[in-house]
Every structure is written in C-alpha cells, then in structure tokens.
Amino acid sequence: MSKNTFRDGIFDGKVLFITGGRTGIGYDIAKNMMQLGANAVIVGRDAEGLAKSAANLEREAGNGKKCIAAAADVRDKNQVRAAVSKTLEAFGKIDFVVCAAAGNFLVPIDGLSENGFKTVIDIDLLGTYNTIKATLHPLRETQGAYIHISATLHYRGTPYQPHVSAAKAGIDALSNVLAVEEGPRGIRSNVIAPGPIGETEGMKRLGTKGYDPRSVIPLGRQGYKQEISDAAVFLFSDAGKYITGQTLVVDGGHRHLTHASLPYPMMVLEPEKVKAMFQGKL
Ligand code: COA
C-alpha cells in the first residue's frame, strides 16, 4: 500500500530506532520505513525473536536496507542506553524514534495487584521515558522526530484497562511536553492512537470471538497494521513537517460512535462477561 502512496527512497539515509519492533504494529512500521529507504534498529526483550525479526525485515524490505536487533528491556534505562549506543556505532545517528513497546492484559482494578499495575506502567510509560531520555541528544543532532504508539482506551473509562489507560494517558502527556520543550531545537513529537487493529498482540489479548466490527466501527472493519504504519510514514515524512504535539487517531471513526461508545475491550468482550461485570461478579 505504501508503495502506491509514498515515493520510494523518501527515507534514504535515515535511521529508525523502534522499541517493540519485533512483532505487530512495531514490526510493520519498521518494514514500511525500511521499504521507503530507512535503516532500522529494533528493540525488545526477546533476543532470539528479535534477531529473527531483523532478518525477516531485511528480507521483506528487499532493497539492501539494514536492520539491527538490539535486545533490551525498555524498563531498564541502562539497557536502552546500550541499544542506543549500538545504533550509533552501526549507523552514526538516529533520525526517527518510535516507542511501540507495550504490555497488556485484561483485569479489573479490583483484581489488579500493585505489581501488575506497575509492570504495565513500567513497560509503557517508564519505557517511553527511558527511550526518550536515551535518544534525545542524538535526535537534537539530526532534528529528528518521535512517534509514540498510544491508544484510545483512556478517552473514556475502559473496563479492565486501568493500568494501560493510566500509562497511555501519561504517554500522551509526555509527548506533548516533549513537543513544546524540544520544538525550538527542531524535534517533533507526535502520538498515534490506533483503534482495533487486526492480527496484533493487543487484539489477541483484548478481543474475543464473534464480535461484529460493523456494529461498532463506522468504517465497518478492524484496521490493518499497514494503516498504522502508513500514518507513521506520513508523520515522519516531509508532509508532516509542521505537525507536532499532535495525536493522530487511526480507528475507523470508532471513538465517535456514541451508540456503541464502548472502547474495544468492552465491545469485544463476551456479553456474559460484560453482564457479570455490571453485576459486580467479575
Ligand atoms: N491478570 C492480572 N494480573 C496479571 C496478569 C493478568 N492477566 N498478567 C500478569 N499479571 C500480573 C502478575 O500477576 C504480576 O503481578 P504479581 O507479582 O502481583 O503476581 C505482574 O502482573 C507482572 O507479571 P509478569 O508475568 O511477571 O510480568 P512480565 O514482565 O513477565 O510480563 C506482561 C509483562 C504481563 C505485560 C506480559 O503480558 C507481556 O510481556 N506482554 C508483552 C506483550 C503485550 O502485552 N502486548 C500487547 C500490547 S497491547
């Protein structure tokens, strides 16, 4: 799709640093950016899986662009710093940063332990902070740009998502501050908020069988990963040069549909579970 929308080579000579690039939306962003000319470094906890994904990305890009696997847990600032050093050693600079690493599971507040809450805050929010801190100075050199992968869950009270909602709200806020503080140095920071996207770890965890997207999404279907990565390409491209401190919601209009204004964990939960929740039995 991007091949028909964006010109080949628009990211030639550019370097992408992406957390959570091993799978899902992060992988697709890396692929899309590489196909358009960027070299990439993907960051994640699973060293073996990461190496496989890096090889697959080079193969799928099919244009000689390089992808390096830098194993790191985003919760550990020293590991993130080491991944940044590896990037600078290999490519000499960083132009684009995507914070896509995230963790999720469905749980009501009542069933969520302090450690469960902290775990998701640490991966999503602290991980984003660690990534920003480790990449900010290199990005000043290139006047680069950030994209943070957030969500739409926290626009309303989404049941079973207390930890993720809190984390994503924090990420949105962090991105706005970053845009204001670093704008004068030429750095941009934006958020992409995906709605329900098919074939992602998120939907595997949050979704359930048998829900009909036509009843809850104005465009009548779940999104494709490519539709998120195309949004990232747009924001990183020259077309996005005057856009900063923005959240781009890519959700097929889902958040506006008031008769079914249930964010996706709830809209896709089995009706029996929703009923149980309102009866205080979950
Ligand atoms: N319900 C309630 N609590 C849960 C849970 C669930 N389904 N899954 C994990 N937790 C709690 C654990 O019980 C533990 O708390 P405790 O010590 O009080 O028992 C805490 O969360 C940490 O769990 P642990 O499995 O040790 O964390 P981890 O660092 O290995 O894994 C997760 C992190 C839990 C977020 C894991 O799901 C993950 O790695 N996810 C990454 C991929 C992902 O979620 N992608 C989707 C993005 S939308």
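Just so we're clear, the structure is a prediction, and the values are computed from it rather than from any experiment. Basis for what follows: all heavy atoms, side chains included, without hydrogens, waters or symmetry-related copies.
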Could you list the donor-acceptor pairs under 3.5 angstrom formed between side-chain atoms of residues 177-186 and any protein atom two or more places apart in sequence or on another chain?
| unit_1 | atom_1 | unit_2 | atom_2 | d |
| --- | --- | --- | --- | --- |
| Glu182 | OE1 | Arg140 | NE | 3.0 |
| Glu182 | OE1 | Arg185 | NH1 | 3.3 |
| Glu182 | OE2 | Arg140 | NH2 | 2.8 |
| Glu182 | OE2 | Arg185 | NH1 | 3.0 |

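Residues Val107 and Ile123 do not share a hydrophobic cluster, defined by chaining ILVMFWY side chains whose heavy atoms lie under 4.5 Å apart. Residues Ile42 and Leu36 share a hydrophobic cluster, clusters being chains of Ile/Leu/Val/Met/Phe/Trp/Tyr side chains in contact below 4.5 Å. In the hydrophobic clustering of ILVMFWY residues, with side-chain heavy atoms under 4.5 Å counting as a link, Val249 and Val233 come out apart. Under the 4.5 Å side-chain heavy-atom criterion for Ile, Leu, Val, Met, Phe, Trp and Tyr, Leu50 and Leu16 are members of the same hydrophobic cluster. Each of Ile94 and Val80 belongs to its own hydrophobic cluster when Ile, Leu, Val, Met, Phe, Trp and Tyr are linked at side-chain heavy-atom distances under 4.5 angstrom.
Using a 4.5 Å heavy-atom threshold, the side chains of Leu106 and Gln161 count as touching. Residues Ile147 and Phe96 fail the side-chain proximity criterion, which asks for heavy atoms closer than 4.5 Å. Asp251 places none of its side-chain heavy atoms less than 4.5 Å from the side chain of Ile217. Considering only heavy atoms from C-beta on, Tyr27 stays 4.5 Å or farther from Lys225 through its side chain. Counting heavy atoms from C-beta on, the side chains of Gln79 and Val74 never come closer than 4.5 Å. Within the 4.5 Å cutoff, no side-chain heavy atoms of Asn104 are placed close to those of Asp124.
Within the 3.5 Å criterion, the main-chain N or O of Phe105 finds a donor-acceptor partner in the side chain of His163. Checking side-chain atoms of Lys86 against main-chain N and O of Ala69 turns up a donor-acceptor pair under 3.5 Å. Thr119 contributes a side-chain N or O that, together with a main-chain N or O of Asn115, makes up a donor-acceptor pair within less than 3.5 Å. With hydrogens and angles ignored, the 3.5 Å screen pairs a side-chain donor or acceptor of Arg188 with a backbone N or O of Ile243. Judged by distance alone, with hydrogens and angles left aside, the side-chain atoms of Asp95 form a donor-acceptor pair with the main-chain N or O of Val15 at under 3.5 Å. Of the possible polar contacts, one joining the Thr244 side chain to the Ser189 backbone as a donor-acceptor pair under 3.5 Å is found. In this structure a side-chain-to-backbone donor-acceptor pair under 3.5 Å is missing from Thr128 to Cys99. Side chain of Arg22 to main chain of Arg45: no donor-acceptor pair is present (N/O by atom type, distance under 3.5 Å, no hydrogens or angles). Looking at Thr152, its side chain never comes within 3.5 Å of a backbone N or O of Ala193 through a donor-acceptor pair.
Distance CD1/Ile228 to CD1/Ile192: 6.5 Å, rounded to 0.5 Å. Residue Phe117 holds its CZ atom at 10.0 Å from CG of Asp122, rounded to the nearest 0.5 Å. Rounding to the nearest 0.5 Å places OG1 of Thr247 at 12.0 Å from NZ of Lys168. How far CD1 of Ile132 is from CG of Leu139: 10.5 Å, rounded to the nearest 0.5 Å. To the nearest 0.5 Å, the span separating CZ on Phe11 from CZ on Phe6 amounts to 7.5 Å. Note that CD1 of Ile18 is 9.0 Å distant from CG of Leu57, once rounded to the nearest 0.5 Å.
With no hydrogens or angles considered, a side-chain donor-acceptor pair links Ser150 and Asp172 at under 3.5 Å. The closest side-chain donor-acceptor pair between Arg59 and Asn56 falls under 3.5 angstrom. Using modelled atom types and a 3.5 Å distance limit, the side chains of Asp76 and Asn130 yield no donor-acceptor pair.
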Would you sort out whether Thr87 and Val43 count as a side chain to side chain contact (heavy atoms under 4.5 Å, CB included), showing the intermediate values? CA-CA 10 Å; Thr87 308; Val43 179; over 6 Å; no
Working for side chain to side chain contact (heavy atoms under 4.5 Å, CB included), residues Leu248 and Asn190: CA-CA 8 Å; Leu248 181 52; Asn190 291 292; over 6 Å; no
Would Ile149 and Ile29 satisfy side chain to side chain contact (heavy atoms under 4.5 Å, CB included), going step by step from the backbone distance to the final call? CA-CA 11 Å; Ile149 303 302; Ile29 291 173; 3.9 Å; yes
So Leu88 and Phe17, side chain to side chain contact (heavy atoms under 4.5 Å, CB included) or not? Walk me through it. CA-CA 10 Å; Leu88 295 175; Phe17 181 92; over 6 Å; no
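When each of Ile171, Val97, Val98, Leu174 is checked for a side-chain contact (heavy atoms from CB on, under 4.5 Å) with His148, only Ile171 meets the rule.
Of all non-hydrogen atoms in Pro213 and Gly220, the two that sit nearest each other are CB-O, 4.0 Å. Looking at every heavy atom in both residues, Cys67 comes nearest to Met34 through CB-CE, 3.7 Å. Minimum heavy-atom separation, Gln226 to Asn32: NE2-ND2, 3.3 Å. Nearest approach of Ala231 to Val250, heavy atoms of both residues: CB-CG2, 4.0 Å. For Pro162 against Leu112, the heavy-atom pair with the smallest separation is CG-CD2, 3.7 Å. Shortest non-hydrogen contact noted between Ser165 and Leu153 is OG-CB, 4.0 Å.
Within a 6.0 Å sphere centred on NZ of Lys93, heavy atoms belonging to other residues, nucleotides or ligands number more than 12. A 6.0 Å sphere centred on OH of Tyr155 holds more than 12 heavy atoms belonging to other residues, nucleotides or ligands.
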